[in-house]
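Below is one structure, written out as structure tokens; comments come after it.
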Amino acid sequence: MQQTPTLNNIPTIPQEAFDWYDEYAHGQIDRRTFMTRLATLAAAGFALNTLTAALLPDYAQAEQVNFNDPAIKARYVEFDSPQGHGKGRGYLVAPATLGNGKAPAVLVVHENRGLNPYIEDVARRLAKAGYLAFAPDALFPVGGYPGNDDKGRELQSSLVPEKIEQDFVAAARFLKAHANSSGKLGVVGFCFGGYICNFLAATHPELLSATVPYYGTPAKGDLPKQVKGPLLLHFGELDKRVNDTWPAYEATLKAGQVPYTAHVYPNTNHGFHNDSTARYDKDAAELSWNRTLAFFSQHLKA
């Protein structure tokens, strides 16, 4: 039974538990099945409450930049989305020193559960690094992120995927044209957000100067043939579901002579950047983030 280290002194957790959580988080199994499978590990000496506490998000752990940090200014703003749900809403964060000036902009795209505290924190991290960051909430049409991921996944799955995609297209246009935007736009996204990164790079490459999908699947059908790049792609070595889609996507990028760099982080799971669960890998998260910031600096600030 392969075991993977976890954070905050939580005992090592069998890889099977991470794989089951991935299936659960992406709708392949329901919560009852997930919990039933976890319970089978009790015979191996793992307490069910320890496993669930480690695998399910604890967003108090995920705050690296406080929302009251004096180095940033944050607010929620709405934008028009005529091809999507009509209106969208997101978390806009700017460096406090920006004033009426301009900065390169980065769209931050959440996972498949709405704009949770982890993603808001990522936006604040980018603002502290000198970017105008905007994190839309796909769940705005149904009342916004509900405060827990289970309900968030349920709400997001109730929406028409094509309308969600168009909401993010509208958000990208809104951010690129913002009065405080330099006109250079990057995008970073995680899981579902990684898919949206690849989708935007394929359907609206003219909007983007830099694209960074974290463990995201490619756009569907022949759309990847339209990607222009540049892309920086991050993958967890143990993330079989996403990694199985990469060889064909990479072949398409090579055939189209798209500039890209891909990194696979050893012994890491899907979600390794998310510091609210035991999937978090501190070394891989920090290395990937430093690479992301360097990539954005090269393509957005130059």
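Hydrogens, waters and symmetry mates are skipped; everything else that's a heavy atom, side chains included, is used.
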(message) Once ring pair (Phe, Tyr, Trp, His ring centres under 6.0 Å) is applied, do any residues pair with Trp246, and if so which ones, sequence neighbours excluded?
(response) Phe235, Tyr249, Tyr260
(request) Taking atom types as modelled, find out whether Arg291 and His263 have a side-chain donor-acceptor pair closer than 3.5 angstrom. (result) yes
(request) Take the angle between the ring planes of Phe134 and Phe79 and call it parallel below 30°, perpendicular above 60°, tilted in between. (result) perpendicular
(message) Ring centroids only, cut at 6.0 angstrom: are Phe295 and His234 within range, meaning strictly under it?
(response) no
(request) Mind listing the closest non-hydrogen atom pair of Trp289 and Arg125 along with its distance? (result) CZ2-CB, 4.3 Å
(message) Is the distance between the ring centroids of Phe190 and Tyr118 under 6.0 Å?
(response) yes
(message) Would you compute the distance between atom OG1 of Thr211 and atom CD1 of Ile196 and round it to the nearest 0.5 angstrom?
(response) 12.0 Å
(message) Pair Glu23, Arg37 - check salt bridge (Lys or Arg N to Asp or Glu O under 4.0 Å), show working.
(response) CA-CA 11 Å; Glu23 290 182 60; Arg37 289 183 181 179; 3.3 Å; yes
(request) Indicate the ring-plane relationship of Tyr195 and Phe192, choosing parallel, tilted or perpendicular according to the 30° and 60° boundaries. (result) tilted
(message) Walk me through whether Thr277 and Asn274 qualify under side-chain hydrogen bond (donor to acceptor under 3.5 Å, both in side chains).
(response) CA-CA 7 Å; Thr277 80; Asn274 186 334; 5.3 Å; no
(request) List the steps, then state whether side-chain contact (heavy atoms from CB on, under 4.5 Å) holds for Arg124 with Glu63. (result) CA-CA 9 Å; Arg124 292 194 293 269; Glu63 185 177 82; 3.9 Å; yes
(request) Carefully, step by step, assess Gln64 and Asp275 under the rule side-chain contact (heavy atoms from CB on, under 4.5 Å). (result) CA-CA 9 Å; Gln64 295 187 21; Asp275 48 0; 2.9 Å; yes
(message) Please check: side-chain N/O of Asp69 versus main-chain N/O of Val65, any donor-acceptor pairing under 3.5 Å?
(response) no
(message) I need the Leu207 CG to Lys176 NZ distance, nearest 0.5 Å.
(response) 6.0 Å
(request) Measure from the ring center of Tyr265 to the ring center of Phe272 and say whether it is less than 6.0 Å. (result) yes
(request) Before giving the answer on side-chain contact (heavy atoms from CB on, under 4.5 Å), spell out for Val108 and Ile119 the whole-Å C-alpha distance, their side-chain angles and the decisive distance to 0.1 Å. (result) CA-CA 7 Å; Val108 184; Ile119 297 297; 3.8 Å; yes
(message) Using 0.5 Å steps for rounding, measure from the CZ atom of Phe34 to the CD atom of Gln28.
(response) 13.0 Å
(request) Step through the shown structure and confirm whether more than 12 heavy atoms of other residues, nucleotides or ligands are within 6.0 Å of CD on Gln83. (result) no
(request) If a pair satisfies salt bridge (charged side-chain N to carboxylate O under 4.0 Å, His left out) and one of its residues is in residues 182-194, list it, with sequence neighbours excluded. (result) none
(message) Any heavy-atom pair between the side chains of Asp150 and Glu154 that's under 4.5 Å?
(response) no
(message) Out of the candidates Phe140, Tyr76, Tyr145, only one should pair with Tyr91 under the ring-ring contact (aromatic ring centres under 6.0 Å, His included) rule; please name it.
(response) Tyr76
